Amino acid sequence: MGGTFDPVHCGHLSLAEDAFRQVPLDQILFIPAKRSPFKLSRDMASEEDRVAMLRAAAAEMGDCYRVSSIEIEREGVSYTYETLRALRREYAAEGKEDPLYFITGTDTYLNLELWRKSAEILSTTVFIVGQRPGYEDERLAEKMQYFRKTYGTRTLVIDNRELDISSTEIRQRIRAREPLAGMVPKSVEQYIYEHGLYRTTEAED
Ligand code: ATP
Ligand code: MG
């Protein structure tokens, strides 16, 4: 599961848990982007802070949930096709032949063709999609059918708890000194306040 995780929140975590419950997966890797190609003009919390918050959240979820710093360690903008190639190489070297699944919310899935080497990604990766409030089922169904016809993409839509939470809203709330009201785990909330994250204005893209 890739993302900016700026910060990680309960929408991300419950999507991962619902995917893990409904699809026979060995483990879930949260992969924070060093730099998303779609958010180049935006100020973000540091890599260290985003990883630390993810690690705190994942540690409370059990051994099957891990954080991978593969994109943080790579130079420059983070492209998912490079990450998938690297993970496939790593797993092949360990003799693992299982397919890789990529977990996304609806907003991300609908825009996958904007990604670099999207045809490669869509033809080699199984997608697990969870509904994100505000996105219509119909558009998702159309897109799934189109990806399947065009790239042979396999997509599993899971029945997930829909949580109307975004990192953008969390950052806005902190700037406005509003409570986070259970949008992030306690450990993440504590980290945010202890490190004074997201208190100043930012340029949104
Ligand atoms: P931002 O507002 O900064 O874009 P975000 O909340 O959208 O942050 P991302 O890091 O952009 O979080 O998202 C990573 C992945 O998690 C994406 O696939 C996105 O669709 C999914 N996701 C994020 N929030 C939710 C949510 N509330 N429910 C389901 N999926 C979500
Ligand atoms: Mg987003």
Side-chain angles (χ1 to χ4, degrees), residues 1-23 28-47 49-51 53-55 57-58 61 65 67-69 71-72 77-80 83-84 100-115 118 121-122 125-137 139-140 143-144 147 153 155-176 180-185 188-189 192 197-198 201-205:
M1 180 172 177
T4 345
F5 301 109
D6 188 25
V8 62
H9 56 67
C10 295
H12 300 128
L13 303 173
S14 83
L15 175 59
E17 281 175 340
D18 289 337
F20 196 74
R21 258 186 233 122
Q22 292 174 43
V23 183
I28 291 191
L29 289 181
F30 295 107
I31 309 179
K34 183 185 193 71
R35 198 77 232 187
S36 161
F38 300 113
K39 296 174 181 170
L40 292 176
S41 63
R42 191 166 93 191
D43 285 339
M44 288 194 303
S46 71
E47 296 160 12
D49 287 334
R50 289 183 295 124
V51 169
M53 291 187 281
L54 260 174
R55 287 200 197 286
M61 298 169 76
Y65 298 87
V67 180
S68 164
S69 48
E71 293 190 352
I72 301 286
V77 175
S78 308
Y79 293 106
T80 298
T83 304
L84 292 169
L100 286 182
Y101 293 74
F102 197 89
I103 304 173
T104 74
T106 352
D107 57 319
T108 299
Y109 184 81
L110 292 174
N111 289 311
L112 280 175
E113 267 186 321
L114 300 176
W115 289 16
S118 56
I121 298 173
L122 284 160
T125 311
V126 185
F127 281 85
I128 299 175
V129 183
Q131 300 279 354
R132 195 166 180 180
Y135 293 86
E136 293 160 32
D137 293 0
R139 282 186 64 205
L140 176 60
K143 199 58 124 182
M144 276 173 62
F147 285 158
T153 314
T155 304
L156 310 173
V157 179
I158 56 166
D159 179 18
N160 63 307
R161 289 165 285 171
E162 290 193 34
L163 298 183
D164 194 6
I165 305 175
S166 71
S167 300
T168 300
E169 187 185 347
I170 290 168
R171 296 191 302 272
Q172 284 165 351
R173 279 176 174 254
I174 296 167
R175 278 204 304 283
L180 294 186
M183 293 177 151
V184 299
V188 173
E189 182 166 353
I192 289 173
L197 303 185
Y198 308 119
T201 41
E202 67 177 308
E204 286 285 349
D205 50 10

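Positions are given from 1 along the sequence. Side-chain atoms are counted along with the backbone in the values below, which use heavy atoms only and exclude waters and symmetry mates. Predicted model, so just to flag it, every value in this text is computed and none were measured. Order of listing sets the numbers, starting from 1, for every ligand and every atom in it.
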Check whether any N or O atom of [X], backbone or side chain, sits under 3.5 Å from an N or O atom of ligand 1, and answer yes or no.
{"X": "Gly130", "result": "no"}
{"X": "Arg171", "result": "yes"}
{"X": "Ile103", "result": "no"}
{"X": "Arg132", "result": "yes"}
{"X": "Thr168", "result": "yes"}
{"X": "Pro133", "result": "no"}
{"X": "Gly2", "result": "no"}
{"X": "Asn160", "result": "no"}

Distance to 0.1 Å, residue and atom name: give those for the protein heavy atom nearest to [atom].
{"atom": "atom 27 (N) of ligand 1", "value": "Leu163 O, 2.8 Å"}
{"atom": "atom 9 (P) of ligand 1", "value": "His12 NE2, 3.6 Å"}
{"atom": "atom 10 (O) of ligand 1", "value": "Thr4 N, 2.9 Å"}

>> Under a 3.5 Å distance rule, please check whether Arg171 uses its side chain to pair with a backbone N or O of Met44 as donor and acceptor.
In response: no
> Within the distance-only criterion (no hydrogens, no angle test), does the side chain of Gln22 pair as donor or acceptor with the backbone N or O of Asp159 below 3.5 angstrom?
Replying inline: yes
For ligand 1, the portion of [X] having any non-hydrogen atom under 4.0 Å away:
{"X": "Tyr109", "answer": "neither"}
{"X": "Glu169", "answer": "neither"}
{"X": "Leu15", "answer": "side chain"}

Any idea which atoms of ligand 1 are less than 4.0 Å away from a heavy-atom of [X]?
{"X": "Thr108", "value": "17 (C), 18 (O), 19 (C), 20 (O)"}
{"X": "Lys39", "value": "1 (P), 3 (O), 4 (O), 11 (O)"}
{"X": "Asp107", "value": "19 (C), 20 (O)"}
{"X": "Gly105", "value": "18 (O), 19 (C), 20 (O), 21 (C), 30 (N)"}
{"X": "Ser166", "value": "2 (O), 6 (O)"}
{"X": "Thr104", "value": "18 (O)"}
{"X": "Met1", "value": "16 (O)"}
{"X": "Gly11", "value": "26 (C), 27 (N)"}

Are any non-hydrogen side-chain atoms of [X] and [Y] less than 4.5 angstrom apart?
{"X": "Ile158", "Y": "Arg21", "answer": "no"}
{"X": "Ser69", "Y": "Arg55", "answer": "yes"}
{"X": "Ile31", "Y": "Phe102", "answer": "no"}

> side chain to side chain contact (heavy atoms under 4.5 Å, CB included) between Leu84 and Ile121: does it pass, once the steps are laid out?
Replying inline: CA-CA 8 Å; Leu84 292 169; Ile121 298 173; 3.8 Å; yes
> Are there more than 12 heavy atoms of other residues, nucleotides or ligands under 6.0 Å from atom CD of Glu136?
Replying inline: no
>> Which heavy atom of Val77 sits nearest to which heavy atom of Ser36, and what is that distance?
In response: CG1-C, 4.4 Å
>> Can you give me the closest heavy-atom contact between Tyr135 and Thr106, atom names plus distance?
In response: CB-CB, 3.7 Å
Measure the spacing between [atom1] of [X] and [atom2] of [Y] and express it to the nearest 0.5 Å.
{"X": "His12", "Y": "Met1", "atom1": "NE2", "atom2": "CE", "answer": "5.5 Å"}
{"X": "Gln131", "Y": "Leu163", "atom1": "CD", "atom2": "CG", "answer": "12.5 Å"}
{"X": "His9", "Y": "Glu169", "atom1": "NE2", "atom2": "CD", "answer": "9.5 Å"}
{"X": "Ile128", "Y": "Ile28", "atom1": "CD1", "atom2": "CD1", "answer": "7.0 Å"}

>> Under the criterion ring-ring contact (aromatic ring centres under 6.0 Å, His included), I'd like the reasoning laid out for Phe147 against Phe127: C-alpha separation, chi angles, the key distance, then a yes or no.
In response: CA-CA 11 Å; Phe147 285 158; Phe127 281 85; 7.4 Å; no
> Considering only heavy atoms, which of Arg50, His9, Arg42 lies nearest to atom 24 (N) of ligand 1?
Replying inline: His9
> Any heavy atom of Glu162 sitting closer than 4.0 Å to ligand 1?
Replying inline: no
